[in-house]
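Chain naming here is simple, since letters A, B, ... match the order of the sequence lines and numbering starts at 1 in each. Keep in mind it's a predicted model, so treat the numbers as computed, not measured.
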Amino acid sequence: MPRPGPAAGMVQVRSRAVIDPRGVLHELGLEVPDDVEVRVWDSNAEVRYMVLPQRPPGTDHKDEASLAALVTRDSMIGVAHARSAGAQP
Amino acid sequence: MNSIHDMGGMHSLGPIPYQPSEPVFHARWEASVAALSSGMGGWGRWSADAFRYRMERMPAAEYLRASYYEKWLMALTELSLESGLIDRTELDSGRREPGAAKQTPALTPDQARLNLTRNRDLSRPEPAPARFRPGDTVRARNINPAGHIRLPRYARGKIATIERCRGAREFPGDGSLGVESTGQHVYLVRFSACELWGDAANRRDSFHLELYDSYLEPA
């Protein structure tokens, strides 16, 4: 009995994120160059982590509101970069 | 126990269904299950680990079919029955049995709101000095105990390095079996991707896990 969306993606992510983190990120649209180290944090005790997206280049003089506009859901779950400085939300 | 939830390393569960955006709850009943779980949990009859362990004991095929909040509802229902918060007749009728024991103090809206955001303190006094120090080489033990275990199968028997000591915490294996926990040291340990997944893994990549003292041995 197939079920609609709710967290159905959980098993796919949980099973493969550890054995193929680069492949999973690729499937979600994020290319990680070979020379970039991937550190997988399996949050398996009671310590939880927050994803902090990398600050896009050329945003040194942006205020909080314009920086916030560059942050997306995907960048907060670590599967995408934040929008670049010139991009429209 | 080893259950289907510990699926790290399997290939066969299919492509990731990407959703560009999604609501917090996909249906109203999901919000009710989240609220009920928080409310019923407030009486302290089970720990988070007991809740996890209840879900893990679902038959594997059922576990894979059930959605996230369907698993919650099953665990909440079973734990409420097992702990006597409700009885079978009440579950079937949806009404309180006149003769059933009433939980006290009654849950108030204010308390329910508090339960939603309150985190139980899991830190414990150190039972003994930490066995390991940052830089030590350890092996994750090859163990398959009853109860809830937070050492994934993919890491068992593998060599790692201690990165940090996190202090002593309530031990999940105890709470899941309803036993009072004295606490164990927790360590942040680092495995290389190649140690876990073989030479085909990227040599730069690594894994960080937080492991309880009894999951580890000197290597």
Side-chain angles (χ1 to χ4, degrees), chain A residues 1-52 69-83 87-89, chain B residues 4-23 25-27 30 48-49 63-71 119-120 122-123 149-152 154-155 166 169-170 172 186-188 190-191 193 196-198 201-212:
Chain A
M1 176 171 51
R3 300 230 168 241
M10 297 287 284
V11 298
Q12 293 88 336
V13 173
R14 279 162 52 198
S15 60
R16 282 186 39 228
V18 287
I19 194 168
D20 185 19
R22 291 165 183 270
V24 166
L25 290 173
H26 166 82
E27 251 175 71
L28 292 168
L30 182 69
E31 293 304 331
V32 180
D34 264 356
D35 61 348
V36 170
E37 178 186 340
V38 172
R39 289 185 198 168
V40 179
W41 292 71
D42 196 341
S43 178
N44 66 317
E46 297 295 342
V47 181
R48 298 290 176 262
Y49 299 93
M50 194 196 89
V51 175
L52 183 64
L70 302 178
V71 174
T72 61
R73 179 201 70 171
D74 284 2
S75 68
M76 287 302 291
I77 59 173
V79 302
H81 291 292
R83 290 192 181 98
Q88 296 302 308
Chain B
I4 188 63
H5 77 285
D6 184 8
M7 55 184 62
M10 290 191 67
H11 284 125
S12 56
L13 291 162
I16 294 157
Y18 177 77
Q19 293 176 290
S21 69
E22 52 189 328
F25 296 110
H26 294 79
E30 292 189 346
D49 293 310
Y63 184 100
L64 290 175
R65 267 197 306 269
S67 70
Y68 186 78
Y69 282 112
E70 282 172 330
K71 292 197 221 16
N119 276 322
R120 213 160 64 85
L122 297 167
S123 61
I149 176 165
R150 296 182 80 75
L151 169 60
Y154 71 74
R166 295 285 199 203
R169 297 287 165 87
E170 180 176 299
V186 177
Y187 301 92
L188 176 66
R190 177 188 176 279
F191 297 81
L196 294 177
W197 306 111
N202 189 303
R203 300 177 67 84
R204 294 174 198 276
D205 297 352
S206 62
F207 284 68
H208 285 80
L209 278 77
E210 259 127 0
L211 300 179
Y212 294 82

Measure the spacing between [atom1] of [X] and [atom2] of [Y] and express it to the nearest 0.5 Å.
X         : Y        : atom1 : atom2 : value
Glu210(B) : Arg48(A) : CD    : CZ    : 9.0 Å
Arg14(A)  : Asp6(B)  : CZ    : CG    : 9.0 Å
Ser15(A)  : Ile4(B)  : OG    : CD1   : 9.0 Å
Asp205(B) : Arg39(A) : CG    : CZ    : 10.5 Å
Phe191(B) : Asp42(A) : CZ    : CG    : 10.0 Å

Portion of [X] that has a non-hydrogen atom of chain A nearer than 4.5 angstrom:
X         : value
Tyr154(B) : side chain
Ser12(B)  : neither
Leu122(B) : side chain
Arg166(B) : side chain
Phe25(B)  : neither

Leading residue by heavy atom contact count with chain B [cutoff under 4.5 Å; candidates Ile19(A), Asp74(A), Val79(A)]: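 That would be Ile19(A).
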Check each atom of Glu27(A) against the heavy atoms of chain B and say whether the ones under 4.5 Å are side chain, backbone, both or neither.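 Contact with chain B is through the side chain of Glu27(A) alone.
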Pick one of side chain, backbone, both or neither for Thr72(A), based on which atoms fall under 4.5 Å of a heavy atom in chain B.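 Answer is neither: Thr72(A) stays 4.5 Å or more from chain B.
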Would Asp20(A) and Trp197(B) count as a side-chain contact (heavy atoms from CB on, under 4.5 Å) if you check the C-alpha gap in whole Å, the side-chain angles of each, and the deciding distance to 0.1 Å? CA-CA 9 Å; Asp20(A) 185 19; Trp197(B) 306 111; over 6 Å; no
Which residues satisfy the salt bridge (Lys or Arg N to Asp or Glu O under 4.0 Å) test with Arg190(B), sequence neighbours excluded?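 None.
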Residues in ring pair (Phe, Tyr, Trp, His ring centres under 6.0 Å) contact with His208(B), at least two apart in sequence or another chain: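 Result, ring pair (Phe, Tyr, Trp, His ring centres under 6.0 Å) vs His208(B): Trp41(A).
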If every non-hydrogen atom of Val11(A) is compared with every non-hydrogen atom of Met7(B), which pair is closest and at what distance?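 Smallest interatomic distance, heavy atoms only, reads O-SD, 3.5 Å.
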Please report the shortest heavy-atom distance between Arg16(A) and Pro15(B), naming the atom on each side.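 Distance-wise, the nearest heavy atoms are NH1-CA, 4.2 Å.
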So, does Arg204(B) use its side chain to make a donor-acceptor pair with the main chain of Asp34(A) at under 3.5 Å?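 Side chain of Arg204(B) to backbone of Asp34(A): a pair is present.
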Tell me which of these, [options], has more heavy-atom pairs under 4.5 Å with chain A than the rest.
options                         : value
His11(B), Arg150(B), Arg169(B)  : Arg150(B)
Leu211(B), Leu188(B), Leu196(B) : Leu188(B)
Val186(B), Leu13(B), Leu64(B)   : Leu13(B)

Does NZ or CZ of Arg73(A) lie under 6.0 Å from the centre of the six-membered ring of Tyr18(B), at an angle within 45° of the ring axis?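 Pair Arg73(A)/Tyr18(B) counts as cation-pi.
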